[in-house]
Amino acid sequence: MTARTALSPEPVHHTLTSWYHRAARDLPWRREDCSAWGVLVSETMLQQTPVARVLPRWEEWMRRWPEPADTAQAPLAEILTVWDRLGYPRRALRLQQAAVAIVERHGGQVPQDVDQLRALPGVGEYTAAAVACFAFDQPEVVVDTNIRRVHARIFSGQALPGKTFTAEQRRLARDVFPDPQADGGQLACTWNIAAMELGALICTARSPACSACPVAKLCAWRLAGSPPPTEEQKTRGQSWVGTDRQVRGAIMAALRTGGTTARDDLLYGLPLPSADLDQRQRCLESLLADGLAEQREARIALPGAHPMC
DNA sequence: AAAGCGGGGCG
DNA sequence: CGCCCAGCTTT
């Protein structure tokens, strides 16, 4: 209904993929010799966590557990320790569950089919398409936060795509997608990664580097005079201090130091400004319910952690 | 469609 | 101190 592009996408395809070939970062999960499992690990870690912080954790993870079967057999305590402070530790839990499912259902090999990928724990629409495309060269339409923003600017002439991924945006992504059958899907796959890379390096959310942008002359937002985002398009940042997420993070950080901790010592000893004991108990209960912590007697530990005397 | 879920770094 | 980051799951 709104924001239909009047622009033909073909010139953008060529210009952007050409730019990608000379400007792309050399990331380990993009190397030709990276396994599909390595791609899945990277995509999971990159869900809401920036590249710079993922890099060392990915290297350590792949060194320890280079195959899904290795991850499936690892103690969860080790999984969560290597995950360290990447955030959202339920992702680490689900990544191990995905490894178990890959061993049980797919003979230890990451499936190529996008629907089978999508059925793995922690793998949603984005990650399934990304693994299918980046690991198996299948021309699936990939849409992440970068691509939504790049599309919004180049084709819709809007400063920002807004918070939610709408059906309209999904339609736009399909409309501007290169013909998957044209060249065996090669252009389509490069289009995905090139749009993501442009969003990460040039077409950033806050202060885009339009002067360095290869498609500035084709960009509908630029051609419209770069109008600022509307109030509707601005995303409201999550609060942090005092939230359950902060308390859960502090508990996990304490548990990662190793061994077991008396429940009361854990709850009272958290290095937090707030002393809300009810909140601390509630958060510990939620971590136990998630399977991210374990209680034996009155002691708390990471699941599968070796008991300490 | 909206809420909950981490954590750090940068303007 | 607000905002952003290769999202997923649940309601």
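These numbers come from a predicted model, not from an experiment. Note on naming: letters A, B, ... go to the chains in the order of the sequence lines (proteins, then strands), and numbering restarts at 1 for each one.
Residue contacts shown for A:A130 are absent, as no nucleic acid heavy atom lies under 4.0 Å away. Using a 4.0 Å heavy-atom criterion, one finds that A:T145 contacts the sugar-phosphate atoms exclusively.
At least one side-chain nitrogen or oxygen of A:T235 sits closer than 4.0 Å to the OP1 or OP2 atom of C:dC4.
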5' to 3', nucleotides 6-11 of chain B under a 4.0 Å protein heavy-atom cut-off (B base, S sugar-phosphate only, - none) gives BBS---
Close N or O pairs between protein and nucleotides 9-11 of chain C (under 3.5 Å):
unit_1 : atom_1 : unit_2 : atom_2 : d
C:dT9  : OP1    : A:G122 : N      : 2.8

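One side chain, A:Q279 or A:D244, offers a donor N or O that lies under 3.5 Å from an acceptor on the other. With hydrogens and angles left out, the side-chain atoms of A:T261 and A:R299 include no donor and acceptor closer than 3.5 Å. A donor and an acceptor atom, one from each side chain of A:Q238 and A:R245, are located under 3.5 Å apart.
Among pairs with a residue in residues 181-208 of chain A, those fulfilling salt bridge (charged side-chain N to carboxylate O under 4.0 Å, His left out) read A:R25-A:E197, A:R30-A:E197, at least two apart in sequence or across chains.
Taking A:E294 as the reference, A:R296, A:P303 meet the side-chain contact (heavy atoms from CB on, under 4.5 Å) condition, with sequence neighbours excluded. With sequence neighbours excluded, no residue satisfies side-chain contact (heavy atoms from CB on, under 4.5 Å) with A:P228.
Across all their heavy atoms, A:P229 and A:Q233 have their closest contact at CA-OE1, 3.2 Å.
Under the 30°/60° scheme for interplanar angles, the aromatic rings of A:W83 and A:W61 are found to stand perpendicular.
Residue A:D144 contributes atom CG, which lies 14 Å from atom C1' of C:dC8 at whole-angstrom precision.
When the P atom is used for both C:dC8 and B:dG9, the distance is 25 Å, rounded to whole Å.
The stretch residues 22-39 of chain A touches DNA chain C through A:R25, A:L27, A:W29, A:R30, each having a heavy atom within less than 4.0 Å of the strand.
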